[in-house]
Amino acid sequence: MHSKVWTERELDRIIEMAWEDRTPFEAILFQFGLPEKEVIKLMRTNLKESSFKRWRKRVNSGVSQKHLKKRNPDITRFKCARQKAITGNKISKR
């Protein structure tokens, strides 16, 4: 189990990344060291029950690309080509 205590800013970013359809779990693992099972636990703890159920339903649907297996094989990156480069900074959008 992951025992790190997340700052509010890190927690906000993890939830944001988890909620985005095109951000795979592997990107969260790469950036925060948090595997899919732990992301699910984190989402269950920090979202309302109805929001969590909606998120899980969407993640497991064909719409979401949260799992690399569901992604188009032509997509080989975690982020948009126009997004600023991640330079060791854990939170790149802020």
Side-chain angles (χ1 to χ4, degrees):
M1 183 163 170
H2 205 276
S3 60
K4 180 171 176 13
V5 176
W6 301 103
T7 66
E8 186 176 338
R9 190 170 181 188
E10 289 171 326
L11 189 60
D12 182 51
R13 182 64 184 136
I14 293 167
I15 291 171
E16 182 182 10
M17 289 175 76
W19 198 262
E20 294 169 346
D21 284 335
R22 287 189 261 164
T23 304
F25 286 114
E26 289 80 3
I28 298 170
L29 177 63
F30 176 79
Q31 200 166 9
F32 293 97
L34 201 60
E36 180 179 350
K37 283 185 176 186
E38 294 300 318
V39 173
I40 293 167
K41 287 179 186 177
L42 186 140
M43 295 294 277
R44 184 185 309 270
T45 303
N46 289 282
L47 297 178
K48 295 186 300 186
E49 184 178 352
S50 61
S51 297
F52 174 76
K53 286 180 180 180
R54 187 175 337 118
W55 174 74
R56 285 299 290 157
K57 185 177 180 180
R58 187 162 181 89
V59 165
N60 291 321
S61 74
V63 174
S64 176
Q65 298 175 2
K66 295 304 287 182
H67 300 92
L68 287 180
K69 292 177 187 173
K70 293 183 180 180
R71 289 176 73 116
N72 181 331
D74 295 335
I75 301 172
T76 58
R77 54 184 160 54
F78 288 149
K79 63 181 183 67
C80 174
R82 295 178 306 278
Q83 183 177 343
K84 289 182 181 178
I86 298 172
T87 58
N89 179 355
K90 297 288 186 189
I91 301 172
S92 62
K93 285 193 171 181
R94 300 195 185 202

How long is the straight-line distance from [atom2] of [Y] back to [atom1] of [X], given to the nearest 0.5 Å?
| X | Y | atom1 | atom2 | answer |
| --- | --- | --- | --- | --- |
| Leu42 | Ile14 | CG | CD1 | 5.5 Å |
| Phe52 | Met43 | CZ | CE | 8.0 Å |
| Arg9 | Arg13 | CZ | CZ | 10.5 Å |
| Glu38 | Ile28 | CD | CD1 | 12.5 Å |
| Lys41 | Glu36 | NZ | CD | 12.0 Å |

Any heavy-atom pair between the side chains of [Y] and [X] that's under 4.5 Å?
| X | Y | answer |
| --- | --- | --- |
| Trp19 | Arg58 | no |
| Phe32 | Met17 | yes |
| Ile40 | Arg56 | yes |
| Glu8 | Asp12 | no |

Donor-acceptor under 3.5 Å (Trp55 side chain, Ala18 main chain):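 Side chain of Trp55 to backbone of Ala18, a donor-acceptor pair under 3.5 Å: yes, one is there.
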
Heavy-atom closest pair, residues Phe25 and Val39: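 That closest heavy-atom pairing would be CE2-CG1, 3.8 Å.
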
